[in-house]
Every structure is written in C-alpha cells, then in structure tokens.
Amino acid sequence: MAIYAIGDVHGCYGSLKRLLERIHFNPQQDRLLFVGDLINRGPDSLDVVRFVQDLGERAVVLMGNHEAWIIGALCGNTLPFFQDYLQTLKGSKELDTMFDWWRGLPFIHQEPELGITMVHAGLHPHWSMATCLERAEALHQLFMNPSRLTQLMQSFPDRLIEEDPGTEDPVRQAQFDLALFTRIRLCTAQGALLWPRNRSGLSPYQAPKGGNIYQPWYQQRRWVPGEHVIYGHWAAAGLTLHAHCTGLDAGCVYGGRLSALRLDHPQRPLVQIPCPESVRP
C-alpha cells in the first residue's frame with residue numbers, strides 16, 4: 001500500500017490521470033490525500049469530483065477555498081466574491097448532491113502514524129496544533145448543520161477578517177476560521193492576516209521581500225518539534241519544501257506541475273508532471 005498527498009487539481013482531470021499513471025496508483029490498495037481545490041478554473045471539475053468520489057475511503061479531500069466559496073454561493077450569498085467561484089459549475093444537475101459532499105469535507109486531516117497534518121492553506125501562527133484541530137472540528141460541525149451554515153455564509157463579510165475575533169461572536173469567529181484554514185498565505189508576527197483588497201498596495205499572493213511585516217504563515221508560526229504540515233493553495237509560491245511544512249500547489253492549472261508526495265516512504269519521494277495551461281495566473 002502507498003499513501004500519496006496530491007496538490008491542487010483545479011479541474012485538471014487529464015493531468016490527474018497522468019500523474020496517477022506515473023505513480024502506478026492502485027485503487028484497490030493505495031490511498032490519495034488531496035489538499036483541496038479539486039474544482040474550478042480547469043476544464044473538467046465534474047470529472048475530477050466523480051473520480052474522487054468513486055474512490056470512497058481510498059481518498060481524503062480537504063476543504064479548499066474553491067469548495068468553500070461555492071458552498072457560500074449555493075447557500076444564497078450573492079456577493080461577486082462567492083458567485084465568481086460558481087461559474088464553471090453553474091447549471092450542473094449534480095450541484096445539489098455535490099453540495100452535500102463538499103460541506104462534509106474536513107478542514108484538517110492527520111495521519112498520526114506518519115507524523116503528518118494536512119490543511120488546504122495553512123495554520124494560524126500562534127495557535128497550538130490542539131487549538132487548530134479544535135477550531136477545525138468546530139467549523140466542520142457547523143458545516144454539517146444546514147441552518148447554521150446558511151447563517152454563516154449569508155452573513156459573510158465582503159472583506160475578510162484579519163484578526164481572530166475571539167469567542168464573543170461565534171459566527172464571526174467561524175468566518176475568520178474558514179478564511180484562515182482555506183486562504184491564509186501571509187501574516188504578521190502578531191497574527192494579523194493579509195487578504196486581497198484589505199490592504200492597498202500589498203499582494204497576498206507573492207511572498208514579499210525582506211523588511212515587510214507580512215511574511216509567509218509558516219515563517220511566522222511557532223513550530224513544535226515533530227510537526228509537519230502539508231498544504232496547497234499557494235500556486236504563486238510553487239513547490240515549497242521546509243523542515244516543518246511542504247507546499248504542494250505548483251500551479252497545475254496555470255501550466256505548472258501537479259505534485260504527488262509519497263508519505264509512507266522514509267524518503268518521501270516527490271513526483272511531478274507538467275500540465276497544459278488552462279487559465280492564465
């Protein structure tokens with residue numbers, strides 16, 4: 001049996017199939033752990049979802065921001081921020097059944113025997129792993145409650161929350177946690193997160209050069225020995241390999257590469273395949 005972590009697929013079904021052929025994936029024995037963003041931007045989102053669903057327990061999929069924002073649109077939030085994510089799947093007769101599948105996706109997944117934690121975008125720089133797991137599970141339970149999920153998404157602010165609002169407003173806290181787990185890239189040493197449109201003149205997509213108070217979340221995080229986090233989401237940063245974390249989004253949908261990292265091998269070999277450009281970055 002082999003266990004692979006797979007980077008952001010973004011509807012690139014052909015690339016996914018070629019990658020699985022390259023690693024000799026056996027659906028009867030092997031497992032695939034996807035970092036999220038199976039859908040959108042690429043040409044074949046529905047085929048990707050159908051394929052992964054058919055794998056059943058042989059696959060784990062993390063909640064990505066593309067899945068989360070489509071859920072928001074289907075919950076009735078009409079902000080362009082949400083509706084834009086729905087465009088490539090709008091009109092599909094399978095949206096209702098996929099909605100139920102998407103909202104059941106976890107925000108964090110762990111493989112304790114391998115010493116691995118997976119999340120789509122990243123972790124809060126100040127939270128312990130125990131706190132991250134607790135907040136992720138609370139958010140997952142909220143997503144499984146239709147009325148609470150609708151309340152969360154329909155009241156979602158146009159601008160993402162930059163700092164942990166605390167426990168006094170549970171809805172606002174859940175909105176912060178959702179953005180954090182699925183979208184974090186840059187933050188300050190004090191834990192303030194950088195979002196698009198919130199700070200003029202600063203890009204949340206490219207890592208800034210030295211001297212900027214905003215730096216990648218993994219550089220600001222207080223790491224504990226033995227922690228290793230695998231994440232996706234940051235296509236502009238490409239494949240990133242660090243002592244405590246590995247970023248697998250190498251821009252497949254933008255003509256980059258799709259990545260598979262074997263987790264159960266002591267050397268954790270990485271396999272990447274080149275992908276045709278589906279959209280411009």
same_hphob_cluster(M63, W69) at 4.5 Å side-chain heavy-atom cutoff: yes
Heavy atoms, side chains only, cut-off 4.5 Å: are F181 and L139 in contact? yes
Could you tell me whether Y231 and H120 have their ring centroids closer than 6.0 angstrom? no
Can you confirm if the aromatic rings of F156 and F82 lie within a centre distance of less than 6.0 Å? yes
Check the side chains of S155 and Q175 for a donor-acceptor pair under 3.5 angstrom, ignoring hydrogens and angles. yes
Y214: partners by side-chain hydrogen bond (donor to acceptor under 3.5 Å, both in side chains), with sequence neighbours left out: R199
I'd like to know whether NZ of K90 has more than 12 heavy-atom contacts from other residues, nucleotides or ligands below 6.0 angstrom. yes
Does a donor on one side chain sit under 3.5 Å from an acceptor on the other, for S147 and N145? yes
Please state whether the rings of H124 and H126 are parallel, tilted or perpendicular, taking 30° and 60° as the class boundaries. perpendicular
Taking atom CZ as the centre, does R172 end up with more than 12 heavy-atom neighbours from other residues, nucleotides or ligands that are less than 6.0 angstrom away? no
E113 CD: over 12 foreign heavy atoms closer than 6.0 Å: yes
Going by distance alone, is a donor N or O of one side chain under 3.5 Å from an acceptor N or O of the other, for H228 and H244? no
Is there a path of hydrophobic side-chain contacts, each under 4.5 Å between heavy atoms, that joins V253 and L258? no
Centroid-centroid under 6.0 Å between H140 and F107 rings: no
So does I39 get a backbone contact from the side chain of H10, meaning a donor-acceptor N/O pair under 3.5 Å? yes
Indicate whether the side chain of H233 and that of R185 have a donor and an acceptor atom separated by less than 3.5 Å. yes
